[in-house]
Structures are given as C-alpha cells and as structure tokens.
Amino acid sequence: MDPIITIGREYGSGGREIGKLVADKLGVPFYDKEILTRAAEESGLCHELLERHDEKNTVSGMLAGSAGAGLHVGAGGMGLQMPLNQRVFLAQFDAISKIAAEGPGVIVGRCADYVLKDRPGVTHIFIYASEERRIARIMRVEKVDRERARELVRKTDRQRRSYYNFFADGNWGMRSNYDLMIRTDGRRPEDVADAIIAFAKMRNDG
C-alpha cells in the first residue's frame, strides 16, 4: 500500500517541487495550498483569511503566554471567542486529519508531521539546503535580486519556525521529529524524490 508522506521544508530547498514529484511518481494526491481550500470549505473560514495566516504565527495578545501544543480539538468546536490564529490552525489540523483518513498522499508543511505523529503508516520527511543554494533558487524562481532573495529566505523560515514551534511539539527542523532529513545541495529533485519513495516503502514494508 502506498504511504502517507509529510514533508517539512526550509524555504528555497525545493521541498514543494520534490513533494509534487513524489506524489506524481506514486500516483497519489498532493496537498500543499490544497489544504487551505479544504480547510476553508469545512470550517467556514474564508480562503483569503487562511492564505493570510498560512504558516504564520500572528500571535494576538489573547494568546500571549499560551502553549500551542495540545490543541487537539476539532475545528467544528471553534467559537468566536477563540483567537484567530488558533482557529486557522485548528481548521488546517482537521483538514489534514481527514485527508490522511482518506488514503495515501503527500502533505507539505502546516505541521502535518505533528498532526499525524501518532498515525501508523506515515513517513515524515524534512528537506533542507544551504542558505546560498536556497538564495540562488529563489533568485531564479522568483526573479528577484540576491538581497531580496536572502530576505525572503530568512523571513519565511522565521515565520515557519515560529508557527511550528508555537503550535506543535518540539522545534521546527529538529531531527527527532522526522524519519528522514535530506539536504538537497547538488542533488536533482527527481533523485531526491526517488530516495524518499524508496525509504518510505522500506519503512512501511519493514
């Protein structure tokens, strides 16, 4: 049976591209921004709001000092008194849980490894690269100069780290949270995708 694979990634490491390749090679659904669409449909929150808060920990004063870990309640139970960033997280939490219950797939970002940490048959991957490689990739993909690319890499990683660390157990990018960590410097995305597939199948067959 094809596995469920979650992919955490540093910005500019090629994580989304690799995740899409993995899904295509396995013939299973791919979920990245698609998670936002699903969360919007099922929670009643507008898609634009989910986009605005996507993987960003916009902590309000109501949440200051609160622990993000342990928010294991359904989005259906969300009240208007709940802080907005918590409602957004829970909407995505529920969407990811339902996606995993439906069958195999590749899920990128949004604390998916945390959401599915106790689910059997899930392989958790983290993809990273050197800052210079990531800057070069963003310059090429986003058509920006080096300084702007460096700013985007550092800002986006900072946002993802803050979001993950607030809502999930442990620290973003910590090796104990993942089954496999891959550095993409000098590696073709196709080869990385093949390695992930081989590892996930070996792990599930074992």
Side-chain angles (χ1 to χ4, degrees), residues 1-9 15-51 53-57 67-79 82-127 160 163-170 172 174 176-182 193 196-206:
M1 185 174 71
D2 290 326
I4 297 170
I5 297 172
T6 72
I7 295 182
R9 73 282 186 232
R16 186 188 188 282
E17 177 186 0
I18 291 165
K20 185 66 167 62
L21 283 168
V22 170
D24 289 346
K25 286 171 178 286
L26 288 174
V28 300
F30 174 74
Y31 302 96
D32 183 13
K33 294 292 186 182
E34 294 81 359
I35 296 169
L36 305 184
T37 301
R38 179 76 173 261
E41 291 172 352
E42 296 181 353
S43 71
L45 296 172
C46 73
H47 193 278
E48 291 75 13
L49 185 149
L50 286 160
E51 282 271 10
H53 290 268
D54 189 28
E55 293 191 285
K56 299 181 182 72
N57 180 28
L71 301 177
H72 297 258
V73 297
M78 294 186 294
M82 183 179 289
L84 183 57
N85 64 335
Q86 189 171 332
R87 293 169 65 197
V88 168
F89 171 77
L90 290 174
Q92 294 189 44
F93 186 109
D94 274 6
I96 291 168
S97 297
K98 290 174 181 176
I99 285 168
E102 292 169 0
V106 176
I107 306 172
V108 174
R110 296 161 191 88
C111 302
D113 61 284
Y114 169 70
V115 176
L116 303 177
K117 66 179 182 177
D118 296 322
R119 187 180 184 87
V122 182
T123 299
H124 304 298
I125 309 293
F126 190 83
I127 294 175
R160 289 176 179 174
Y163 177 84
Y164 186 98
N165 289 354
F166 187 82
F167 287 113
D169 288 336
W172 181 72
M174 179 179 287
S176 58
N177 293 337
Y178 309 97
D179 300 303
L180 179 67
M181 302 183 77
I182 301 180
I196 290 171
I197 291 169
F199 177 82
K201 288 187 173 180
M202 174 191 69
R203 185 170 179 273
N204 282 283
D205 291 345

Check your understanding: Is there a side-chain contact between His124 and Met181 (heavy atoms, below 4.5 Å)?
Key -> no

Practice item. Starting at CD1 of Ile35, measure out to NZ of Lys98 and round the result to the nearest 0.5 Å. Key: 14.0 Å

Point to revise | Among Val122, Val106, Thr123, Ile99, side-chain contact (heavy atoms from CB on, under 4.5 Å) partner for Ile4 | key: Val122

Check your understanding: What orientation do Phe167 and Phe89 show, parallel under 30°, tilted 30 to 60°, or perpendicular over 60°?
Key -> parallel

Review point. Do the non-hydrogen side-chain atoms of Val115 and Arg110 ever get within less than 4.5 Å of each other?
Key: no

Practice item. Taking the side chain as every heavy atom from C-beta outward, state whether Lys33 and Asp54 have any pair of such atoms under 4.5 Å apart. Key: yes

Point to revise | Heavy-atom closest contact (Ala91 atom, Leu45 atom, distance) | key: CB-CD1, 4.0 Å

Practice item. For residues Tyr163 and Asn85, determine if any side-chain heavy atom of one lies less than 4.5 Å from a side-chain heavy atom of the other. Key: no

Review point. Does a side-chain N-to-carboxylate-O contact under 4.0 Å join Asp94 and Arg38?
Key: no

Check your understanding: So, Arg160 side chain and Arg9 main chain: donor-acceptor pair closer than 3.5 Å or not?
Key -> yes

Practice item. Output yes when a side-chain donor or acceptor of Asn177 lies under 3.5 Å from a complementary backbone atom of Tyr114, and no otherwise. Key: no

Exercise for review: In plain terms, say whether Glu34 and Lys20 are close enough for a salt bridge, that is, a side-chain N and a carboxylate O under 4.0 Å apart.
Suggested key: no

**Study point:** Atom of Ala23, atom of Pro29 and distance for their closest heavy-atom approach
**Key:** CB-O, 4.0 Å

Exercise for review: Please round to the nearest 0.5 Å and tell me the distance separating atom OH of Tyr31 and atom CD1 of Ile5.
Suggested key: 13.5 Å

Review point. Got Leu84 and Leu49 here, is their nearest side-chain heavy-atom distance under 4.5 Å?
Key: yes

Review point. Per the side-chain contact (heavy atoms from CB on, under 4.5 Å) rule, which among Val108, Ile18, Asp113, Leu180 passes with Ile125?
Key: Leu180

**Study point:** Non-hydrogen atoms of Gly105 and Val28 that approach each other most closely
**Key:** CA-CG2, 3.8 Å

Review point. Does a side-chain heavy-atom distance below 4.5 Å link Lys201 with Leu26?
Key: yes

Practice item. Evaluate the side-chain proximity of Phe166 to Gln86: yes if any heavy-atom separation is below 4.5 Å, no if none is. Key: no

**Study point:** Minimum side-chain heavy-atom gap Ile196-Ile127 below 4.5 Å
**Key:** yes

Review point. Could you go step by step and tell me if Ile107 and Leu116 meet the side chain to side chain contact (heavy atoms under 4.5 Å, CB included) rule?
Key: CA-CA 10 Å; Ile107 306 172; Leu116 303 177; 4.0 Å; yes

**Study point:** Gly19 versus Ile7, closest heavy-atom pair with distance
**Key:** CA-CD1, 3.5 Å

Practice item. Test side chain to side chain contact (heavy atoms under 4.5 Å, CB included) on Asp179 and Phe199 and set out the steps. Key: CA-CA 9 Å; Asp179 300 303; Phe199 177 82; 3.8 Å; yes

Revision key, fill the gap. Rounding to 0.5 Å, atoms CH2 (Trp172) and OH (Tyr164) come to a distance of 10.5 Å

Point to revise | Ala168 versus Cys111, closest heavy-atom pair with distance | key: CB-SG, 4.2 Å

**Study point:** Value rounded to 0.5 Å, distance of CD in Glu41 from CG in Leu50
**Key:** 11.0 Å

Point to revise | Non-hydrogen atoms of Gly121 and Asn204 that approach each other most closely | key: CA-OD1, 3.3 Å

